[in-house]
Number of protein chains: 2
Amino acid sequence: MALGKNYDGQDCSLARTLELVGERWTMLVVRDALYGVRRYGDFLAHLDIPRAVLSQRLATLVEAGVLERRRYQDSPPRDEYVPTAMGRELWLPLLALGQWGERHLSRRGARRVFSHVDCGGRIDATASCTGCGAAHLPPERIEVRPGPGLADDRSDPVSVALREPHRLLEPLP
Amino acid sequence: MALGKNYDGQDCSLARTLELVGERWTMLVVRDALYGVRRYGDFLAHLDIPRAVLSQRLATLVEAGVLERRRYQDSPPRDEYVPTAMGRELWLPLLALGQWGERHLSRRGARRVFSHVDCGGRIDATASCTGCGAAHLPPERIEVRPGPGLADDRSDPVSVALREPHRLLEPLP
DNA sequence: CATCCTAGTTCATTCACTGAACCGTGGTAG
DNA sequence: CTACCACGGTTCAGTGAATGAACTAGGATG
């Protein structure tokens with residue numbers, strides 16, 4: 001989103017949600033985190049986001065409890081950003097938005113296909129498996145694959161790694 | 001959202017969706033449209049949105065096919081903005097976002113409660129009825145009521161009308 | 001005729017986004 | 001010991017969208 005990030009008069013959970021994740025780039029950062037992107041440089045290269053904006057978004061998401069900043073190496077000191085339980089629950093709205101776009105804004109086929117790791121069935125917009133009927137699946141049980149509509153013209157490590165099937169939340173690349 | 005509304009390198013249906021509905025205010029406009037708000041002045045009063053931004057957002061949504069602009073009176077000429085089928089399908093992602101905020105960002109209770117008009121059961125984040133089990137319900141089958149966490153300090157016609165139970169998409173106020 | 005209502009547009013100001021440059025820490029190579 | 005590089009940022013000038021107030025236009029209303 002953008003300027004003046006608060007919707008003051010709106011006593012509404014949607015408005016409160018958008019104050020946090022509705023800013024420009026934020027949902028794409030969370031999506032990447034759910035795909036398994038964890039390092040600053042990978043977000044940067046995959047999203048083509050200005051460094052200052054990425055820093056600010058990561059700080060906001062950490063402060064809000066959507067991501068956790070975690071030391072994964074001491075020398076040199078390196079931190080990674082990992083979705084918390086709260087962040088993992090954003091999977092459902094992000095999926096619903098993506099599926100809506102797939103249905104209404106895409107002329108080519110699906111760019112990415114989600115399937116249930118336990119049965120291989122396709123996932124619908126409510127995170128349910130159209131194969132076995134399991135409802136409201138968490139990201140841990142989902143695999144992403146490139147779909148027929150995906151243009152594979154990007155060469156950053158994340159884009160390359162996502163050309164193979166990949167389970168959500170598993171570290172990339 | 002904000003500046004430079006396109007996510008050029010992102011070959012992703014979520015990014016395409018956000019280019020359209022991810023701008024600042026846009027999702028709140030769609031939410032209001034699903035609640036039944038139809039007139040420029042009602043959006044304006046309920047959202048406290050700058051007039052120029054509202055005009056621009058309505059035009060974008062009409063052009064994209066999310067809303068339809070419809071003449072409802074000839075003298076004086078007056079148009080209303082009504083969700084198309086494409087717009088009505090945004091119900092699911094908007095609900096999922098709102099429910100996420102309700103769970104994670106709200107200290108008071110729910111601000112609004114959604115229920116199934118056919119059985120009175122509560123609606124979950126996947127638009128399914130927890131009472132009768134009906135899945136993926138469309139907005140036509142949903143009723144909104146004020147929840148315990150709603151502060152009723154606003155006096156615009158839409159806020160006042162929404163203090164009563166109201167079926168989604170039914171014209172307000 | 002004067003006033004009001006609705007639905008806008010215009011405009012100066014403010015403020016976030018952008019992209020490029022710079023910085024600091026800690027390896028690593030010679 | 002010095003140079004250089006990788007990573008993860010911060011800083012900064014320029015741009016452009018959001019903001020809010022003022023203004024406009026068409027038509028009803030008194």
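- Here the side chain of A:P50 is nearest to one of D:dG27, C:dG19, C:dG27, namely C:dG19.
- Remark: B:E140 engages B:R88 in a salt bridge, criterion side-chain N to carboxylate O under 4.0 Å.
- Put simply, CG on B:L67 is 16 Å from C1' on C:dA7, counting in whole angstrom units.
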Could you run down nucleotides 3-13 of chain D 5' to 3' and tag each one B, S or - for protein heavy-atom contact under 4.0 Å?
-> ----SBBBB--
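- Distance CZ (B:F43) to P (C:dT6): 15 Å, rounded to an integer number of Å.
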Show every donor-acceptor pair shorter than 3.5 Å between a side-chain atom in residues 130-137 of chain B and any protein atom, with sequence neighbours excluded, or say none if there are none.
| from | atom 1 | to | atom 2 | distance (Å) |
| --- | --- | --- | --- | --- |
| B:T130 | OG1 | B:R122 | O | 2.8 |

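- One interatomic measurement links the two molecules: CD of B:E80 to P of C:dG8, which rounds to 13 Å at whole-angstrom precision.
- At the phosphate of C:dA16, neither OP1 nor OP2 sits under 4.0 Å from any side-chain N or O atom of A:W25.
- Within the 4.5 Å cutoff, the side chain of A:Q73 has no heavy atoms near those of the A:D79 side chain.
- When the C1' atom of D:dA17 is taken as reference, atom CD1 of B:I49 falls 13 Å away, rounded to whole Å.
- For A:F114, the ring-ring contact (aromatic ring centres under 6.0 Å, His included) test picks out A:W91, with sequence neighbours left out.
- Set against D:dG27, C:dG26, D:dT19, the side chain of B:P76 has D:dG27 as its closest nucleotide.
- Direction change of the helix axis from one end of the helix from C:dC1-D:dG30 to C:dG30-D:dC1 to the other is 10°, with five pairs defining each end axis (rounded to 10°).
- Atom CZ of B:R57 is separated from atom P of D:dA17 by 10 Å (rounded to the nearest Å).
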Taking distance alone, no hydrogens or angles, what donor-acceptor pairs closer than 3.5 Å link side-chain atoms of residues 38-45 of chain A to residues at least two apart or in another chain?
| from | atom 1 | to | atom 2 | distance (Å) |
| --- | --- | --- | --- | --- |
| A:Y40 | OH | A:R51 | O | 3.2 |
| A:Y40 | OH | A:S55 | OG | 3.1 |

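- Residues forming a side chain to side chain contact (heavy atoms under 4.5 Å, CB included) with B:R163 (at least two apart in sequence, or on another chain): B:D152, B:V160.
- With sequence neighbours left out, the side chain to side chain contact (heavy atoms under 4.5 Å, CB included) criterion links B:P146 to B:L150.
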Which pairs of donor and acceptor atoms, one on a side chain in residues 28-37 of chain A, lie under 3.5 Å apart (sequence neighbours left out)?
| from | atom 1 | to | atom 2 | distance (Å) |
| --- | --- | --- | --- | --- |
| A:R31 | NH2 | B:Q10 | OE1 | 2.8 |
| A:D32 | OD1 | A:H46 | ND1 | 3.2 |
| A:D32 | OD2 | A:H46 | ND1 | 2.6 |

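- Listed by chain and number, the residues in a ring-ring contact (aromatic ring centres under 6.0 Å, His included) with A:H116 amount to none (sequence neighbours excluded).
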